[in-house]
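Just so it is clear: chains get the letters A, B, ... in the order the sequence lines come, proteins before strands, and each one is counted from 1.
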Number of protein chains: 2
Amino acid sequence: MPTRTVAQHRDEERREFESFLAQCPSRDLLGTLGSKWVTLVLAALGHGALRYNEILRRIAGISPKMLTQTLRTIERDGLATRTVTPTVPVTVEYRLTPLGNDLLAIILDLKTWAETHVRIIQTARQAYDHPPRNA
Amino acid sequence: MPTRTVAQHRDEERREFESFLAQCPSRDLLGTLGSKWVTLVLAALGHGALRYNEILRRIAGISPKMLTQTLRTIERDGLATRTVTPTVPVTVEYRLTPLGNDLLAIILDLKTWAETHVRIIQTARQAYDHPPRNA
DNA sequence: CCGCATCCTAGGTGATACTG
DNA sequence: CAGTATCACCTAGGATGCGG
């Protein structure tokens, strides 16, 4: 009857919380948005439909692999559609869905907030990293 | 004068884009929010100041290490303050700053959006993962 | 009570080369 | 043109144990 049960209890709590987190819609969204390229691709598509290589050129730092991966993610979530036109060679076009456009609006709100407060945050960071000498 | 310059050009573009990303306030914010625990801690502190162990108990799945790390992050960004009361043993209290409260509001907006649209997204995912047999 | 140091693992990310 | 395959890396995150 020792501390064993306590540890077990904590472990159980942890697992429950983990599965709770896994199902949490906001956590999920944050995870998606947090991935490096998703927001950039959404923003690129915000101006209208684009073809694979157009996006690749527009986002200078992305690799083909990551672009594909990112596109698959947002396509899977119903944020964009993928249209294949069987020309030779094939033409593939990506376009934001209404849902994607809606999310993009939210992202832009976030962007606005970030740009508005970036100064304050940077100041806070400097103060934190270089604490004043006196005390 | 071969393809060398082309490759160099691409590399340069890439580096420029990287440094651009590194300085982008929204990317920075997304990175912070995307980290697993930041939003949860902010939410926990949204109800009022809490002590270290109170947060630890409130967020069942977090480890002490990650809690400390997370708290340092949000403290550094000026989102919360850390107050040490030299009792024995010491009491450490964390409290959201106005900036932190402001950001929390944005997060809650995001949460609302996520919860509103989670159904649609899940449906899209199922359709994507189990494509209809016909064509 | 609060936190740091150390070690470790897993997955997200990237470079490169190849294919239908 | 629009991807896929493979390898390698790096850092976020978890486990554990010690210190003020």
Side-chain angles (χ1 to χ4, degrees), chain A residues 3 7-8 10-11 13-15 17-18 21-22 27-28 30-41 49-75 80-95, chain B residues 3 6-8 10-15 17-18 21-22 27-28 30-41 49-76 80-94:
Chain A
T3 54
Q8 285 178 350
R10 273 199 66 78
D11 266 13
E13 265 186 337
R14 213 169 263 261
R15 269 193 299 274
F17 199 83
E18 285 299 318
L21 266 191
R27 190 54 270 131
D28 186 63
L30 250 359
T32 305
L33 261 41
S35 87
K36 197 171 178 182
W37 303 106
V38 171
T39 54
L40 288 166
V41 173
L50 288 176
R51 296 175 54 185
Y52 186 87
N53 274 342
E54 289 178 326
I55 309 177
L56 205 57
R57 274 190 298 275
R58 209 168 272 232
I59 306 179
I62 197 172
S63 67
K65 173 189 162 181
M66 288 317 295
L67 179 54
T68 299
Q69 199 172 109
T70 305
L71 285 169
R72 291 292 170 279
T73 304
I74 67 187
E75 188 196 351
T81 58
R82 175 176 183 271
T83 311
V84 181
T85 311
T87 51
V88 177
V90 299
T91 307
V92 182
E93 199 182 63
Y94 294 90
R95 182 189 300 275
Chain B
T3 54
V6 175
Q8 285 178 352
R10 273 199 65 80
D11 266 15
E12 188 180 346
E13 265 186 336
R14 215 168 263 262
R15 268 193 299 274
F17 198 83
E18 285 299 318
L21 266 191
R27 186 61 266 131
D28 186 63
L30 249 1
T32 305
L33 260 42
S35 87
K36 196 170 179 183
W37 302 107
V38 171
T39 54
L40 287 165
V41 173
L50 288 176
R51 296 175 55 184
Y52 185 87
N53 275 343
E54 289 176 326
I55 309 177
L56 205 57
R57 275 190 297 273
R58 210 168 273 231
I59 306 179
I62 198 173
S63 67
K65 173 189 163 183
M66 288 317 295
L67 179 54
T68 300
Q69 199 172 109
T70 304
L71 286 168
R72 288 296 167 278
T73 303
I74 67 187
E75 188 196 352
R76 188 172 105 100
T81 58
R82 175 177 183 270
T83 312
V84 181
T85 311
T87 50
V88 176
V90 298
T91 306
V92 183
E93 198 182 63
Y94 294 91

Between the protein and nucleotides 9-11 of chain C, which nitrogen or oxygen pairs are less than 3.5 angstrom apart?
none

(message) Between the opening five pairs and the closing five pairs of the helix from C/dC1-D/dG20 to C/dG20-D/dC1, how far apart are the helix axes, to 10°?
(response) 50°
(request) Provide, to the nearest angstrom, the distance between the CG atom belonging to A/Leu21 and the C1' atom belonging to D/dA12. (result) 15 Å
(message) Working to the nearest 0.5 angstrom, can you tell me the gap between A/Thr70 OG1 and A/Ile55 CD1?
(response) 9.5 Å
(request) Would you confirm whether B/Thr32, through its side chain, and B/Asp28, through its main-chain N or O, come within 3.5 Å as a donor-acceptor pair? (result) yes
(message) Once rounded to the nearest 0.5 Å, what's the spacing between atom CG of A/Leu50 and atom CG of A/Leu56?
(response) 11.5 Å
(message) Output one letter per nucleotide in nucleotides 2-9 of chain D: B when a protein non-hydrogen atom lies under 4.0 Å from the base, S when only the sugar-phosphate is that close, - when neither is.
(response) SSB-B---
(message) Under 4.0 Å between a side-chain nitrogen and a carboxylate oxygen: does that hold for A/Lys36 and B/Glu18?
(response) yes
(request) Using whole Å, report how far CG of A/Leu67 lies from P of D/dC1. (result) 14 Å
(message) Angle between ring planes, B/Trp37 versus A/Phe17, binned at 30° and 60°: parallel, tilted or perpendicular?
(response) parallel
(request) Measure the spacing between CD of B/Glu54 and CD1 of B/Ile59 and express it to the nearest 0.5 Å. (result) 12.0 Å
(message) Distance check needed: C/dC1 P versus B/Ile55 CD1, whole Å only.
(response) 14 Å
(request) Could you tell me the separation between the CG atom of B/Leu56 and the P atom of C/dC4, rounded to a whole number of Å? (result) 14 Å
(message) Quick check for you: to the nearest 0.5 Å, what is the distance between A/Ile62 atom CD1 and A/Arg57 atom CZ?
(response) 14.0 Å
(message) Tell me the interatomic distance from B/Met66, atom CE, to D/dT11, atom P, rounded to whole angstroms.
(response) 15 Å
(message) As an exercise, state the distance from CZ of B/Arg76 to CG of B/Leu71, rounded to the nearest 0.5 Å.
(response) 14.5 Å
(request) Would you mind listing every salt bridge (Lys or Arg N to Asp or Glu O under 4.0 Å) that reaches into residues 61-70 of chain B, with sequence neighbours excluded? (result) none
(message) Can you tell me how far apart OG1 (A/Thr68) and CD (A/Glu75) are? Round to the nearest 0.5 Å.
(response) 11.0 Å
(message) For A/Gln69, is there any backbone N or O sitting under 3.5 Å from a side-chain donor or acceptor partner on A/Thr73?
(response) yes
(request) Can you tell me the distance, in whole Å, between the CD atom of A/Glu18 and the P atom of D/dA12? (result) 18 Å
(message) I'd like to check B/Leu40 versus A/Leu21 (side-chain heavy atoms, cut-off strictly below 4.5 Å). Are they in contact?
(response) yes
(message) Short of 4.0 Å, heavy atom to strand atom, which residues of residues 31-40 of chain A count as contacting DNA chain C?
(response) A/Ser35, A/Lys36, A/Trp37
(message) Once salt bridge (charged side-chain N to carboxylate O under 4.0 Å, His left out) is applied, do any residues pair with A/Arg58, and if so which ones, sequence neighbours excluded?
(response) none
